[in-house]
Student: 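If you scroll down you'll find the structure; I have some questions about it.
Atoms within a ligand are numbered from 1 in the order they appear, just like the ligands themselves.
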Amino acid sequence: MTSMPHAHRLLDDTARDILRRNDRGGYTVPRPGLYPFQWNWDSAFVALGFATFDMDRAWQELETLLSGQWADGMIPHILFHRDDEGYFPGPDGWASGTRPRSSGITQPPVAATVVRELWQRDGADPTHSRMRALYPKLLASHRWFHRYRDPLQNGLVMVVHNWETGRDNSAEWDAALARVSARDVRPFQRRDTSHVDIAFRPTQAEYERYVALIEFGRARGWDPARVAAESPFRVVDVGMTMIMIRANRDLLALASALDDQPVVQELRARIALSQRGCDWLWNEDLGVHCSRDLVDGRPAALVTSASFLGFFAGIGSPAQRARLLERLAALADSVPYLVPSLAPGSRSYDPVRYWRGPVWLVVNALIARGLDEAGETALASRIRGDSRALVERSGFWEYFSPETGQGCGGDQFSWTAAMWLNDLTTAST
Ligand code: DGY
């Protein structure tokens, strides 16, 4: 039998190999074939994996991502640096007219959090040139969110496409997507289902609505004000909101180090606004924060893994935090592997279908970090232990069944490898 440290060293080697193999020179694809371009939040997480063995390459991942920032500040969710026929919708489907070519929507803003982390690993020197070069770009991307994606002016984050949330087919979006008509969508050929088991992916009816939303934005030339005002899909995402609050705190730390006082004041005010705003997402019956529809005002009323990012964001009253912990403890008793993306027993729960139940290690890492910072170390250790056990049992899959630990979606997955290296390995090197 192989001893644990030895087994972990082999897993470390495999994880580094995955990152090197998925490296396309300056950026990393999440999974060749299935996702052959640069994805926004994937890249930010991947940088943390590179940071464990190649700091230069870690910085480069973010620099390449930010090289695709739009003039208005948005960081697109996909950068199409090279052609690849194996993915739909490709650059022509988005027709954003940018260089590098890109999609017309964004993704969870984890970049500032990762830049702060890399800068700290490098010694937290305020004169660090790579941090200083990225700082104004990060600030522009946060201001883009504040300007175009906060229609209630209460510090929360609105999305105009479910793909922006990163939790593509979460049941949280079902009601809002039901209003999106796919009647005029021209026939298209999906590519994702030729790479992975169709049971692991969104359904065809869902996919048609995703495409309808792209056609909607494209028809408006991706004008951020028009899309935000008119999109048939307008939802405040609890996950994006929590990640944004955290990102503002991390950007604030950089602004303080640079002694950029106007920005320090601006970000402090933003964080305070968001802290108050989160009460609009609180669901007293369930004892968690939930996403909420902006068209009809209805809460999603579902317990998802994103509901537990409040600790990472540093928000919530003591009473709310106690309820969140109760909920998480109840989930811990109900599944062998935390944290399911949708609580078992919810409508549309499916342990293997993408964001309708499976465990994703990047979300686990954010939740565990928040719990640790809040002093809830027992639950944080349980989550990290479960993440570790999933990789040991199944390998570096895109996501995992919370019931059996089965690996699902794509294998040899970049961000899962990165989370192993950054957060989970216990091997002494
Ligand atoms: C996909 O193609 O499934 C991606 O998640 C979109 O970003």
Student: Enumerate the residue pairs fulfilling ring pair (Phe, Tyr, Trp, His ring centres under 6.0 Å) with a member in residues 220-242, sequence neighbours excluded, ordered by first and then second residue.
Tutor: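 As it turns out, the ring pair (Phe, Tyr, Trp, His ring centres under 6.0 Å) pairs with a partner in residues 220-242, which skip direct neighbours, are Trp94-Trp222.
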Student: Taking the six-membered ring for Trp and the single ring otherwise, decide whether the centroids of Phe53 and Phe50 are under 6.0 Å apart.
Tutor: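 Yes, the ring centres sit under 6.0 Å apart.
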Student: Please determine whether a side-chain nitrogen of the Lys or Arg among Arg20 and Asp23 lies less than 4.0 Å from a carboxylate oxygen of the Asp or Glu.
Tutor: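 Answer for the salt bridge query: no.
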Student: Tell me whether the NZ or CZ atom of Arg356 lies within the 45° cone about the ring axis of Tyr354 and under 6.0 Å from its centre.
Tutor: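 No, Arg356 does not sit over the ring of Tyr354.
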Student: Could you tell me whether Asp296 and Arg179 make a salt bridge, using a distance below 4.0 angstrom between a side-chain N and a carboxylate O?
Tutor: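 Judged by the 4.0 Å cut-off on N to carboxylate O distance, Asp296 and Arg179 do form a salt bridge.
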Student: List ligand 1's nitrogen or oxygen atoms that come under 3.5 Å of a protein nitrogen or oxygen, with the partner atom and distance.
Tutor:
{"from": "ligand 1", "atom 1": "2 (O)", "to": "Tyr87", "atom 2": "OH", "distance (Å)": "2.6"}
{"from": "ligand 1", "atom 1": "3 (O)", "to": "Asp168", "atom 2": "OD2", "distance (Å)": "3.4"}
{"from": "ligand 1", "atom 1": "3 (O)", "to": "Arg201", "atom 2": "NH2", "distance (Å)": "2.8"}
{"from": "ligand 1", "atom 1": "3 (O)", "to": "Tyr354", "atom 2": "OH", "distance (Å)": "3.3"}
{"from": "ligand 1", "atom 1": "5 (O)", "to": "Asp168", "atom 2": "OD2", "distance (Å)": "2.4"}
{"from": "ligand 1", "atom 1": "5 (O)", "to": "Tyr354", "atom 2": "OH", "distance (Å)": "3.2"}
{"from": "ligand 1", "atom 1": "7 (O)", "to": "Trp39", "atom 2": "NE1", "distance (Å)": "3.1"}
{"from": "ligand 1", "atom 1": "7 (O)", "to": "His77", "atom 2": "NE2", "distance (Å)": "2.8"}

Student: As a test of understanding, state which of Arg298, Arg167, Arg347, Arg292 forms a salt bridge (Lys or Arg N to Asp or Glu O under 4.0 Å) with Glu172.
Tutor: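 The single option meeting the salt bridge (Lys or Arg N to Asp or Glu O under 4.0 Å) with Glu172 is Arg167.
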